[in-house]
Amino acid sequence: MVEVQTVRATTEVIKAALEQNPKFFFNFFMGEELECAVPQFHIDTFQLMTDLNHTRVAIAMPRGHAKTMIAKLATVWHILFTDYSYVAYVGSAVKHAAQQLEAIIDMFKTPNFESVFGHVVFESEQISGFYKFTIGEKQCILQAFGIDSKLRGTNVKNKRPQLAIVDDLESMEELETSSFYERTTRWFHGTFLKALDPRINRVVQIGNLLLDRSVLADNLTSPKWTSIVYGALLSDGSSLWEEVFPKSKLLDEYKEYCRIGLGNTWLAEMMNIPMSNSATIVDITKIKRHDGLTPEDIEYGCITVDPAISDKRWAHKACIAVHGWANDRWNNVEYYAGTGIDPYQLCSKILDLAAKWRINVIGIETVAYQAALLSVIERVALEKGYNLERDFTVVELRAATTKAARIISWCSMLMAGDYALMPYDLECTQELSAYKPGSKTNQDDIIDAMAYILTMQREFLQQIISTRYSLPVVIECIPIARIINEEAER
């Protein structure tokens with residue numbers, strides 16, 4: 001339990017702190033209910049939910065990570081510190097939303113609250129899921145809504161709902177119903193959003209990203225919405241909320257879910273890696289994952305690079321995949337995916353990874369190789385103390401098939417256990433789970449770079465095997481000008 005200290009301060013100072021300090025806000029309203037310190041991701045989420053610069057916000061948070069608590073606190077903050085006076089709290093059903101409103105109303109009745117904001121005046125007759133009240137001089141309405149609610153409207157000075165807090169709109173059971181997505185989408189974007197005040201309105205949605213066809217999934221990927229997706233395990237393998245969900249507990253739980261055939265469910269609920277409504281090309285729960293390999297563990301390896309060059313202009317994302325042979329199979333031992341990276345930075349990263357893993361053979365997608373990278377990588381190698389022609393074998397990756405065919409073939413390699421992924425490759429896992437052959441909107445930069453291992457294995461395996469360990473270790477990268485000066489002095 002978090003220790004609560006009594007501090008004397010003026011009412012105005014407390015109000016200012018509540019408005020500006022999320023951690024103080026949490027402790028003021030939750031008090032002794034907090035069993036541990038407020039984690040940073042709670043603060044970050046609350047700040048996004050209360051940032052008035054964004055009128056559309058979508059957040060995916062793992063199951064059990066207190067998203068409803070944050071949603072309720074964000075509702076209170078808006079009532080206290082904004083001009084929004086008519087708030088719609090939206091859940092999967094009216095009764096669920098009404099239960100959360102009861103908890104919010106209870107926050108207004110505590111001695112702590114009344115000592116700062118005064119007594120809240122409620123209308124004498126209350127209807128479940130509907131509250132009309134006054135805080136100071138501000139008249140407010142809180143109303144619960146659920147999917148398919150009939151929005152006939154309740155006016156306060158002819159106002160419609162101005163703020164919508166959408167909390168866990170969809171459940172797995174409902175989303176698995178074929179017609180639910182279409183019905184919910186029509187209701188949310190048609191009936192509900194059209195019922196908000198057209199002059200000023202804000203919508204904040206928080207929930208679990210369960211399926212790739214859902215209202216939350218649509219909003220998370222919409223350019224008109226500001227969004228963030230959390231996973232219970234971070235990309236470095238650490239836990240998002242170690243005090244409550246330690247890493248060891250999460251991994252044990254995942255293994256148990258996989259054992260009973262529910263690995264996809266765990267990934268959706270805890271990692272927000274959604275299951276697909278349609279058939280996917282790979283069962284991500286059956287993918288082999290190594291325990292973490294070091295350069296000493298691999299017998300030989302190679303690097304594949306997809307810098308995403310098109311129309312002679314650098315695209316927004318480039319990917320470098322490092323492949324190592326160990327345990328009688330290929331393994332992805334590391335990858336780098338960067339946005340807005342320029343050719344010099346990309347080449348520097350390629351050579352740094354080559355040095356780290358003691359890998360000499362580097363495959364670069366053909367268009368990129370010809371367009372810019374060859375001359376740049378020669379210069380970067382020289383600056384790092386290497387001779388590109390002597391120390392590396394840089395080859396062109398020519399696409400013998402379409403990208404989709406290459407990725408599908410690599411997925412077959414995954415399913416056969418001939419290629420293993422890293423333990424916590426969340427970005428790659430998400431790309432795999434959402435990949436649809438034939439779609440033009442796939443996010444597939446990482447898996448495409450990895451799929452080039454097929455080309456490397458087919459065309460350059462002899463070079464890969466024969467050049468292992470031949471890369472010289474550069475202790476210090478000496479500037480070229482310094483080398484010239486030292487030669488002149490001799």
Side-chain angles (χ1 to χ4, degrees), residues 49-50 54-61 67-79 82-108 122-123 125-133 139-175 177 179-210 214-220 222 225:
M49 294 180 79
T50 56
H54 305 291
T55 59
R56 295 289 184 269
V57 175
I59 301 166
M61 190 173 287
K67 55 183 174 291
T68 294
M69 180 195 75
I70 302 172
K72 290 185 291 189
L73 290 174
T75 302
V76 173
W77 186 91
H78 279 90
I79 290 173
T82 73
D83 293 331
Y84 298 121
S85 57
Y86 190 169
V87 181
Y89 198 99
V90 187
S92 58
V94 174
K95 65 177 182 179
H96 297 148
Q99 290 172 353
Q100 307 312 325
L101 290 194
E102 290 179 13
I104 291 172
I105 294 302
D106 287 341
M107 294 182 191
F108 295 147
F122 293 90
E123 288 199 357
E125 294 184 7
Q126 298 297 322
I127 304 172
S128 177
F130 179 83
Y131 298 90
K132 185 183 291 186
F133 54 94
Q139 287 187 321
C140 305
I141 279 186
L142 266 177
Q143 185 169 1
F145 292 93
I147 297 171
D148 291 340
S149 291
K150 297 185 183 300
L151 305 177
R152 294 173 181 168
T154 301
N155 292 333
V156 177
K157 296 182 179 179
N158 297 316
K159 289 184 179 179
R160 293 181 177 186
Q162 302 156 321
L163 171 69
I165 301 292
V166 185
D167 175 22
D168 268 338
L169 184 68
E170 302 147 309
S171 68
M172 182 69 78
E173 294 78 12
E174 292 167 326
L175 284 170
T177 304
S179 62
F180 181 79
Y181 169 70
E182 289 78 9
R183 180 165 58 88
T184 305
T185 301
R186 285 195 302 270
W187 178 84
F188 184 82
H189 291 283
T191 306
F192 181 72
L193 292 184
K194 296 298 183 184
L196 300 179
D197 190 326
R199 296 163 298 179
I200 174 174
N201 67 72
R202 186 164 191 261
V203 182
V204 179
Q205 182 179 13
I206 189 167
N208 216 179
L209 184 55
L210 300 172
S214 61
V215 172
L216 180 58
D218 292 343
N219 293 340
L220 286 167
S222 170
W225 288 65

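- Residues Ile79 and Cys140 approach most closely at CG2-SG, 3.9 Å, considering heavy atoms.
- Proximity of a side-chain donor or acceptor of Gln205 to a complementary backbone N or O of Val166 within less than 3.5 Å is not detected.
- Inter-residue side-chain proximity for Val90 and Phe188 is flagged as unmet; no heavy-atom pair is nearer than 4.5 Å.
- Note: Tyr131 and Phe122 have perpendicular aromatic rings, judged against thresholds of 30 and 60 degrees for the angle between ring planes.
- In this structure, Arg160 contributes its side chain and Lys194 its backbone to a donor-acceptor pair below 3.5 Å.
- For Asp197, the salt bridge (Lys or Arg N to Asp or Glu O under 4.0 Å) criterion is met by Arg199, not counting sequence neighbours.
- Not counting sequence neighbours, the partners of Val94 by the side-chain contact (heavy atoms from CB on, under 4.5 Å) test are Ala144, Ser149.
- The minimum heavy-atom distance linking Ala60 with Leu209 is given by the pair CB-CB, 4.1 Å.
- Interatomic distance, OH of Tyr86 versus CG of Leu163, reported as 12.0 Å (0.5 Å rounding).
- Between Asn201 and Pro161 there is no side-chain heavy-atom pair separated by less than 4.5 Å.
- In this structure, Gly129 and Leu101 approach most closely via the heavy-atom pair O-CD1, 3.7 Å.
- Between Ile200 and Asp83 the shortest side-chain heavy-atom distance does not fall below 4.5 Å.
- For the side chain to side chain donor-acceptor pair (under 3.5 Å) test, no residue two or more places apart in sequence or in another chain qualifies with Thr50.
- Listed for the Arg202 side chain is a donor-acceptor partner under 3.5 Å among the backbone atoms of His54.
- Between the side chains of Glu170 and Tyr181, not a single donor N or O lies within less than 3.5 Å of an accepting N or O.
- Take Ala58 and apply the side-chain contact (heavy atoms from CB on, under 4.5 Å) test, not counting sequence neighbours, and it matches Leu216, Asn219, Leu220, Trp225, Ser227.
- In this structure Ser92 satisfies the side chain to side chain donor-acceptor pair (under 3.5 Å) test together with His96, sequence neighbours excluded.
- No side-chain heavy atom of Gln100 sits less than 4.5 Å from a side-chain heavy atom of Thr75.
- Gln139 places no side-chain N or O within donor-acceptor distance of the main-chain N or O of Ser85, the cut-off being under 3.5 Å.
- Glu182 CD to Thr185 OG1: the interatomic distance, rounded to the nearest 0.5 Å, is 7.0 Å.
- Atom CG of Asp168 and atom CG of Asn208 lie 6.5 Å apart (nearest 0.5 Å).
- With sequence neighbours left out, Asp167 forms a side chain to side chain donor-acceptor pair (under 3.5 Å) with Thr68, Tyr89.
- The aromatic rings of His78 and Tyr84 lie tilted to each other, with the angle between the two planes from 30° to 60°.
- We find the CZ-CZ distance between Phe145 and Phe192 to be 6.5 Å, quoted to the nearest 0.5 Å.
- Between Met49 and Leu73 there is no side-chain heavy-atom pair separated by less than 4.5 Å.
- Considering all non-hydrogen atoms of both residues, Gly146 and Trp187 come closest at O-CZ2, 3.2 Å.
- For Arg186, the side chain to side chain donor-acceptor pair (under 3.5 Å) test picks out no residue, with sequence neighbours left out.
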